[in-house]
Amino acid sequence: MLCVRTVLAFLTLQSFCIRSVFAVNKKIYKTIEDDVKKLKANKVKCSKADFRNIQRLKCDEKFDKATLCIGEKLLTNDKDHDHLWTLLGEIYHRQGKSSKGNKCFKEAAKLNGKLVTHADKIGLWHFIGPFQMGKTEIDGDPLEAFGGIDKLLCQRYNKDFQVYSELVPGGEVKWATVIPNQHGVVTVVNRHAVVLDYKAVHHEWQGWLVGDFSLNSEMTVLIQCSRVSTIYINGSILAGDHYARSNYWHPIHLKAGIHSVLLRARAVENMNFACRLIHADEKPLFEIHPPVIPDLVDGHIFSHLLSIPITNHNPTKWLTITKLTLVSQTQGPDISLHLEKQQRLNIAPGQIHSVIAAFKFHDNQKPDSCPSKEIQGILQLKSREGLKGVIYFTIRCRSRSESFLFTFVDHDGSLQNAAAIFPIVKQKTDSLQTYPVLLTLRGSGVQAQDQADAYKRMENKKWLFGVEGMWTLAPTRHGAHNWEGPGELTAMTSLQKLAEFTREHDWIDAKANSKAVVFAGHSMGGHGAWQLSTHHPDIALAVVSIAGWINKENYGESNLFFKYDISLGHTDASVKHVMESCIAENDAEKHVSNLKGIPVMIRIGESDMTVSPYFSKRMYRVLKEQGNDVTYTELAGKAHWWWDTYTTNDGGVVNDRDIRKFLLKHSKFAIERPSSPACLKSEDKTLCEEESTSKYSSVKVPNRNLAGSGEFLLTVYNPASSHGVRGVKVIQQATPFRKTTVRMKFSESNVTIVTSNVIRLRLTEPAISPVLWTERRVIVDGVEIPLDKNNENMFDLCKEGAKNWKLCEDVGANFESVTQRGPLNLGPARRIAERPLLIVVGTSSQTETSQALLQMAVYIANAFYLTSDSIVPVIRGKDAVDANIRDYNLIIVGEISFTASYLEKVPLNFGEDQSISLGNCVFQSPNMGVLSLVPHSGSRLALVITGTSLSSIRDVINLATPTIPPMARSPFSNLVPDYVITGPDFRAQGPGGYLCAGFWGNRWEYRGDISSCAC
């Protein structure tokens, strides 16, 4: 089943010199000798003085027998007794004999040091597994049926203990041991392929890993575990380094004794991970990591913001950053820097956080041209606590003929970056021109600049980068977002920012039009091209999807929905319906009707073994069925990626002659001269963008309103992510998160609209082929709607009763409020991170509880950072006053007493008897946890995490745990609806342990038709 090696050492595997008992402090030696005599006088016996037996005795709290065994072993000249001092010290402390225990720890520290590891690694791991596992983030744990991992740790030393698994011969598994290699990498090998269907598959499995280390003094240690999502130590929860970025350490303060690191293993085939432990003194109290810095373009500053990640290594104290200083630079004009205002620069204990700074040249200087070398220098950060830290930085200078990186503030307040290339202009013009944008999305593991640079070809023995007549834009966002949710929003924000920056700079003649876009991408980016184009069709000039898949749940068995899950036998169909409704918006095929009238190019290598050509051919079929103009190419002999299609250096998979011809054909109509001056800088960049969009709304492409027979079908599953078809956008559904359709029929002077599951619509002018609503008769479900010809911007239509449509009274983009839901404050839970976010941690009179809640909050914040580079400040409950929180979405972690005022805004209540009521349901199980979206501050959201016990709150925190190997998504980003109530069976049964899960209605009311409650 596993590669298992026999080991003799318990903790370290280090080579120590043989020491005799005479090297030991004589007083403590005499104490042990006396204790041994007393224990023997009381007829205490030690049957076997090996490690396994001693550990088993300690776990069973048979301290006298354990003390006797250790004492007898220490009274011998045994070379393998050094670690026993720590074990005996811990036993004495657990017996209340602190003085004796401290003497043992002191002796152990003399022999082994204060932190005992094997070259900063854990020398031996215990493993139990493999067990069945589902592909989703949330599933049950088979060990819970036998008491859970915490209670089964002692069974590591019981050779007869066994549990059960369908993934191994005989169906029985036992604890085994695994030794790291010389580099500290641990490999857990699952040797058994299991036949689950008609063929053998490499199946995903789970298990638990336990590694011990000893401390001979109370101290703070730093830990880092790669390729795992979560680290558990003594009931504390820390974020794992799932992507093996290796820069980030997590502090934890521990007392002297033996401590266990618990890791929930999850892998396909083999699992490779590594854990490192060091004394906190080996790192500064706060560590500065390499900054994210934009490039200069021909010596100009294109974007002026940089991001500096920081880790607070103090496990108990907050860190406040107050000053940023440029210490030195190598060349170029003098640079000045300052921290951006209105940032939250208080960093919680153990948190990874990024600060955003701005830079400029003194007196608006700039290099005459790009310097031959990069501008390098040193930055220094200071804290209010008197701490200092420095980091080296590099600013590159790029020319207009090559790709460059720029930074921008993203939808969630974090600083992200994208690569861009100026348009290739064959014929020079004397006036400003506005160019469409090729928004190209990368595949897994590809950097933004590499994606942009893939648009190159050799011409006249020189490399030519970019696309003729179009800006090339390649955004990025760390993590497995699949260009859904946060990834989609990052891509669209980068598009807006590119247009904004080009308008701001008078040294740029080629402005970018964010309302005339070709969506393109390869592999994961090929799916992204489908995702963005089906959700933003009104700005799509064309679509190019290369080797893309349709939805993640059906791609390569990567995220199979409820097929092999532990929870499968426990989960009601109503729960599965609610969970599947959370992800329906990311299925390209379900939204393919939105692409009517848009030219599409699909290409795939015939020999692609990474993404099956099946997905491309399926989309080809469904697009042709609805009459799209589709160019489909399946290239013989080509795999997933290639550089040369027909000739050497001809542009390859993303930029060969066929793609260039397609792009030129469908983009040339969108090149135009602006009708207004460049937008001036202002504090409200969004307003600037909105005011300018109408200036570019007359893109001269063929009249899209007449595509086919003039009939269009808008399909929506979540109005929050869908931006409409032909200027028609769904704002509210009659039944939220159910399929919604709007059928449109355009004639010369009329638009006839037929709706299904809609109660509020918005009509606007699409950027491409305007509808001219005020010049047409508009008939919705048989009711003619009179439109004011003096209003050319936006019309909101509301439905009253069965078919009575009329103009809404509360017209406006922000009708959403604490009493009404719309695109800005709809769920599911993951949408909490789609705007700037704060975590508020509730206070408690119990110090240990307060510390545990704070640690959970920091875990969530760090998980956001490590999986998606999100900046999520943490604040204390006492600081959660209106002025501090009103402009943010919130995650609120706290006990019932702290969260009650937030939950009053939804019909979910805690009774004095610890019961929970929801609608007409009352739940009275022990250990119940709650996660719920609630309205907050106008159209913003709060996500409340609470429960009837600290243990139940920890259960809910598991809903934030990113677990999918090898790529982890950000917290709450899949399958978590508006609210979930977990019960006592949640850990064992996953979603089968939900007492209820569902979505709130349009006015935050409970609705049984979108809930799994059965009561």
Side-chain angles (χ1 to χ4, degrees), residues 199-202 268-269 438 440-447 449-468 472 474 482-483 518-531 533 542-552 554-558 588-589 592 599-624 628-666 966-967:
K199 61 181 180 179
V201 298
H202 295 300
V268 178
E269 297 188 81
L438 171 67
T440 176
L441 305 175
R442 64 171 180 85
S444 301
V446 179
Q447 300 299 314
Q449 184 173 331
D450 293 336
Q451 180 68 15
D453 286 347
Y455 289 85
K456 65 182 179 182
R457 67 184 189 275
M458 189 71 75
E459 192 170 285
N460 298 324
K461 297 183 179 181
K462 293 184 179 180
W463 285 112
L464 186 63
F465 291 86
V467 176
E468 184 176 350
T472 302
N482 307 314
W483 297 114
V518 175
F519 293 105
H522 173 264
S523 193
M524 181 177 78
H527 169 71
W530 293 132
Q531 176 74 8
S533 61
V543 182
V544 181
S545 180
I546 307 169
W549 31 268
I550 296 173
N551 63 65
K552 188 68 172 175
N554 290 331
Y555 163 51
E557 297 191 342
S558 181
E589 186 178 359
V592 76
V600 176
M601 171 177 269
I602 305 173
R603 60 163 37 189
I604 187 77
E606 186 183 51
S607 303
D608 194 329
M609 301 300 291
T610 302
V611 178
S612 171
Y614 165 84
F615 299 109
S616 293
K617 287 185 278 194
R618 186 176 180 94
M619 288 298 284
Y620 180 37
R621 173 181 61 81
V622 296
L623 284 164
K624 292 298 287 185
N628 276 74
D629 174 10
V630 185
T631 302
Y632 177 80
T633 308
E634 194 171 321
L635 289 104
K638 300 299 183 185
H640 190 58
W641 178 270
W642 62 92
W643 284 108
D644 311 312
T645 303
Y646 304 111
T647 60
T648 302
N649 297 328
D650 66 349
V653 60
V654 300
N655 194 41
D656 64 18
R657 71 187 186 204
D658 297 335
I659 290 186
R660 295 198 304 270
K661 183 179 179 180
F662 179 85
L663 294 176
L664 186 60
K665 175 183 177 181
H666 297 294
M967 301 178 68

Chemist: So, are Asp656 and Arg603 salt-bridged, with charged N and O less than 4.0 Å apart?
Modeler: yes
Chemist: Are any non-hydrogen side-chain atoms of Val446 and Trp641 less than 4.5 angstrom apart?
Modeler: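 No, too far: nothing below the 4.5 Å cut-off.
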Chemist: Does a side-chain heavy-atom distance below 4.5 Å link Val622 with Glu589?
Modeler: yes
Chemist: Give me the atom names and distance for the closest heavy-atom approach of Asp608 to Ala547.
Modeler: OD2-CB, 3.6 Å
Chemist: Go through the side-chain N and O atoms of Thr645 and Trp642 and say whether any donor and acceptor fall under 3.5 Å apart.
Modeler: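 A donor-acceptor contact under 3.5 Å links the two side chains.
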Chemist: State, with a plain yes or no, whether a side-chain heavy atom of Ile546 is found less than 4.5 Å away from one of Ile604.
Modeler: no
Chemist: May I ask you to test the Arg618-Ile550 pair for a side-chain heavy-atom distance under 4.5 Å?
Modeler: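 Touching, per the 4.5 Å side-chain cut-off.
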Chemist: Are side-chain heavy atoms of Pro599 and Phe662 found at a separation under 4.5 Å?
Modeler: yes
Chemist: Is any side-chain heavy atom of Leu438 closer than 4.5 Å to a side-chain heavy atom of Leu663?
Modeler: yes
Chemist: Looking at residues at least two apart in the chain, or sitting in another chain, which of them share a side chain to side chain contact (heavy atoms under 4.5 Å, CB included) with Ser607?
Modeler: none
Chemist: Could you list the residues that satisfy side chain to side chain contact (heavy atoms under 4.5 Å, CB included) with Gln447, not counting sequence neighbours?
Modeler: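 Asp450.
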Chemist: Please answer whether the main-chain N or O of Asn655 pairs with a side-chain N or O of Arg660 as donor and acceptor at a distance below 3.5 Å.
Modeler: yes
Chemist: Apply ring-ring contact (aromatic ring centres under 6.0 Å, His included) to Trp483 and list each qualifying residue two or more places apart in sequence or on a separate chain.
Modeler: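 Once residues adjacent in sequence are excluded, the partners of Trp483 under the ring-ring contact (aromatic ring centres under 6.0 Å, His included) criterion are His481.
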Chemist: Please state whether the rings of Trp463 and Phe465 are parallel, tilted or perpendicular, taking 30° and 60° as the class boundaries.
Modeler: tilted
Chemist: Restricting to side chain to side chain contact (heavy atoms under 4.5 Å, CB included), what partner residues turn up for Lys617, sequence neighbours left out?
Modeler: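 Partners of Lys617 under the side chain to side chain contact (heavy atoms under 4.5 Å, CB included) test: Pro613, Tyr632, Glu634.
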Chemist: Any side-chain heavy atom of His640 sitting closer than 4.5 Å to one from His522?
Modeler: yes
Chemist: Who pairs with Leu464 by side chain to side chain contact (heavy atoms under 4.5 Å, CB included), at least two apart in sequence or on another chain?
Modeler: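 For Leu464, the residues satisfying side chain to side chain contact (heavy atoms under 4.5 Å, CB included) (neighbours in sequence not counted) are Ile424, Arg457, Glu459.
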Chemist: Using side-chain heavy atoms (C-beta onward) and a distance below 4.5 Å, is Thr631 in contact with Tyr620?
Modeler: no
Chemist: With sequence neighbours left out, write down each residue that passes ring-ring contact (aromatic ring centres under 6.0 Å, His included) with Tyr614, or none if nothing qualifies.
Modeler: none
